[in-house]
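Report on one structure; see the data block that follows.
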There are 2 protein chains.
Amino acid sequence: MAEKNAKRGDDSRQRWIAQIAALENPPTPARSRKAPLTVERIVHTALELIEAEGFEAVTMRRVAAALQTGAASLYAHVRNKAALDDLLIGELCSHVMLPEPDPKQWQAQIMNVCGQLRDQFLRYPGIATAAMAATPTSLETLRINEGLLTLLLAGGAPPQFAAWAIDAAYLYVAAYSLEASLRSRPGNGEEGGDHDNEHEHDNDNDEIVERLRMLPTSLFPNTVAHARELSTGDGHERFDFTLGQLFRLPSSAE
Amino acid sequence: MAEKNAKRGDDSRQRWIAQIAALENPPTPARSRKAPLTVERIVHTALELIEAEGFEAVTMRRVAAALQTGAASLYAHVRNKAALDDLLIGELCSHVMLPEPDPKQWQAQIMNVCGQLRDQFLRYPGIATAAMAATPTSLETLRINEGLLTLLLAGGAPPQFAAWAIDAAYLYVAAYSLEASLRSRPGNGEEGGDHDNEHEHDNDNDEIVERLRMLPTSLFPNTVAHARELSTGDGHERFDFTLGQLFRLPSSAE
DNA sequence: TTTGAGCGTAGAACGGTGTTCGACATCGGA
DNA sequence: TCCGATGTCGAACACCGTTCTACGCTCAAA
């Protein structure tokens with residue numbers, strides 16, 4: 001009986017303690033206590049997390065912790081982790097601005113749009129992983145697709161050419177960004193004491209060239225001979241080159 | 001008391017049972033009991049697992065289980081899961097055959113090599129994920145790189161062009177294969193009763209076209225107008241198109 | 001004003017993952 | 001014969017996505 005009483009009293013006792021605690025700190029009063037936890041807040045928090053620690057840090061638990069709650073709470077607003085990923089790349093794509101088509105500059109305009117997408121991917125390291133797994137027919141990606149299609153058609157590209165080139169470009173942008181993210185991120189190295197950013201980059205490149213030159217000439221003659229060409233491509237030269245190739249019109253027009 | 005005795009005897013009792021069991025089946029005798037667990041066996045088993053259940057099924061525990069052992073045993077032969085992934089794509093790349101360069105057919109030869117690589121990726125669904133994360137300077141990938149470089153140079157491509165085009169091609173092949181794997185794999189749908197493979201494919205394609213046509217014309221005029229071109233590309237037409245664009249020489253030669 | 005139903009919150013738990021530790025077995029060579 | 005090196009592997013740790021469940025809150029009807 002006593003047990004029963006105690007057990008029964010536990011409940012109201014807890015409430016009593018909670019009430020006292022609530023009395024204790026009325027700062028941040030009124031309604032800040034709610035923090036209503038909307039989809040927007042979740043997506044926003046996840047993006048901040050990616051920017052700071054990379055996409056692999058985006059865990060239901062960690063996103064929830066950043067919102068000062070538990071992982072289970074997120075599932076009231078988002079079906080899956082996969083759905084969250086879709087929302088993330090949707091949000092990301094919504095920041096890409098589509099220009100007014102100008103037939104004289106369609107190539108530059110396309111490079112601009114693809115560059116925006118690439119920069120978004122690079123801003124959130126590793127998110128390109130989600131981009132490749134995401135539903136390819138999300139509304140935001142379709143919006144970019146439509147924009148690129150408009151630019152290409154305005155430039156005089158045949159529809160089938162435009163469709164395939166855009167598809168390939170999207171795939172390439174994601175793959176390029178993913179590789180770039182992995183190359184700079186994964187905390188593997190950065191050994192050695194002092195760093196000067198530019199010198200570090202040069203050293204990296206030089207070391208790759210050197211390693212390639214160490215290969216046996218009998219098996220890798222061309223790799224050794226053109227090691228420099230193979231490992232060059234700082235900045236986004238390779239990126240620009242590839243898109244330039246992808247969007248070369250077939251008929252020698254322009 | 002009996003319990004205590006049993007517990008103490010457990011150890012030698014187990015050994016006793018093992019001995020009897022060993023007596024029981026001397027078939028596959030001599031030394032088959034060892035099953036020495038080499039790197040080759042691990043890689044081979046992992047590849048079989050991918051072929052049957054996809055890359056996401058490749059878990060240290062599951063690979064070990066397929067080898068009738070525990071996960072910890074693998075770490076005596078492979079540093080990480082990442083290292084295992086590298087070995088897997090290395091093994092995969094080693095099956096790509098490089099042709100003798102023939103300057104007259106360099107384009108077809110390159111398409112052939114890239115097609116081999118693509119088919120390897122498609123044979124092991126999802127392994128392209130590992131290909132994108134893998135060390136880009138593995139010996140096997142360098143071998144393919146050297147082969148492609150040889151073909152392109154034989155075809156008269158400038159070295160810088162060849163280097164960048166090959167890099168882009170590798171990225172694209174991986175991305176294309178990954179998307180193709182994800183599209184057919186992930187068990188999302190396949191609902192509905194009876195399946196005829198060809199009809200199913202047609203239905204899929206038709207449904208995508210239909211969905212695109214449902215978009216508001218005001219926002220997606222070109223997408224609606226060219227829905228068919230956007231969603232076509234069965235077989236590997238898109239693949240061939242993209243590589244064709246990537247390897248078009250700049251100077252209008254050939 | 002009271003009640004009750006609904007909804008968002010969140011702790012606990014389940015099954016799975018990569019990886020490490022440490023005791024154990026086995027084998028090659030002195 | 002013994003002994004050290006090497007390989008094996010159960011147990012455990014920390015983390016993951018996801019589900020279950022109870023709990024608190026809000027708001028509209030009674």
Side-chain angles (χ1 to χ4, degrees), chain A residues 7-8 10-19 21-22 30-42 45-46 49 53-88 126 129-130 133 186-187, chain B residues 10-12 14-19 21-22 30-42 45-46 49 53-88 126 129-130 133 186:
Chain A
K7 195 167 187 182
R8 212 170 138 320
D10 250 3
D11 207 2
S12 68
R13 182 199 181 89
Q14 293 280 352
R15 238 171 280 169
W16 177 240
I17 292 176
Q19 283 183 18
R31 38 190 305 291
S32 94
R33 188 207 157 225
K34 304 197 51 175
L37 192 58
T38 65
V39 177
E40 287 82 23
R41 289 216 319 138
I42 294 175
T45 305
L49 199 54
E53 305 190 42
F55 180 70
E56 70 277 7
V58 174
T59 289
M60 300 302 263
R61 280 180 171 82
R62 296 200 57 177
V63 173
L67 289 164
Q68 304 190 19
T69 180
S73 304
L74 302 183
Y75 286 85
H77 306 268
V78 166
R79 182 177 299 266
N80 293 12
K81 173 90 179 3
L84 208 182
D85 293 350
D86 276 21
L87 289 174
L88 291 179
T129 318
Chain B
D10 248 2
D11 207 3
S12 69
Q14 293 280 351
R15 238 170 280 168
W16 178 241
I17 291 178
Q19 283 182 18
R31 39 192 302 292
S32 95
R33 187 207 158 226
K34 304 198 47 177
L37 192 56
T38 66
V39 178
E40 287 81 22
R41 288 213 323 134
I42 294 175
T45 306
L49 199 53
E53 305 190 42
F55 180 70
E56 70 277 7
V58 174
T59 290
M60 300 303 264
R61 279 179 173 82
R62 295 199 59 178
V63 173
L67 289 163
Q68 304 190 21
T69 179
S73 304
L74 303 183
Y75 286 85
H77 305 268
V78 165
R79 181 178 300 266
N80 293 12
K81 174 87 177 5
L84 209 182
D85 293 349
D86 276 22
L87 289 175
L88 291 179
T129 319

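Because the structure is predicted, anything quoted here is derived from the model rather than measured. Naming: A, B, ... by sequence-line order, numbering from 1 per chain.
Across all non-hydrogen atoms, the minimal contact from Leu37(A) to Arg41(A) is N-NE, 3.7 Å. Scanning all heavy atoms of the two residues, the minimum distance from His77(B) to Ile42(B) falls at CB-CD1, 3.8 Å.
Distances were taken from every side-chain heavy atom of Met60(A) (C-beta onward) to each of dG17(D), dA10(C), dT17(C); the shortest belongs to dG17(D). Closest contact between the side chain of Ala72(B) and the listed nucleotides dG11(C), dG10(D), dG7(D) involves dG10(D). The listed nucleotides are dT17(C), dT19(C), dG7(D); the one nearest the side chain of Asn80(B) is dT19(C).
Side-chain nitrogen and oxygen atoms of Thr69(A) include none within less than 4.0 Å of the OP1 or OP2 phosphate oxygen of dT9(C).
Protein atom CG of Asp85(A) is 14 Å distant from nucleotide atom C1' of dC16(D), rounded to whole Å. Between Tyr75(B) atom OH and dC21(C) atom C1' there is a gap of 13 Å when expressed in whole angstrom units. When the P atom of dT18(D) is taken as reference, atom CZ of Arg79(A) falls 11 Å away, rounded to whole Å. In this structure, Arg62(A) atom CZ and dT18(D) atom P are separated by 17 Å, rounded to whole Å. Distance Leu84(A) CG to dC16(D) C1': 14 Å, rounded to the nearest Å. Taking atom CG on Leu37(B) and atom P on dT6(D), their separation rounds to 17 Å, with Å as the unit. For the pair Leu67(B) CG and dC9(D) P, the computed distance is 10 Å after rounding to whole Å.
For Arg61(A) against dG17(D), a side-chain-to-base donor-acceptor contact under 3.5 Å is present.
Among the atoms of the strands shown, base atoms are found under 4.0 Å from some heavy atom of Ser73(B).
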Apply side chain to side chain contact (heavy atoms under 4.5 Å, CB included) to residues Leu88(A) and Leu84(A) and explain how you reach the verdict. CA-CA 6 Å; Leu88(A) 291 179; Leu84(A) 208 182; 3.6 Å; yes
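The closest side-chain heavy-atom distance from Arg62(B) to Glu53(B) is below 4.5 Å.
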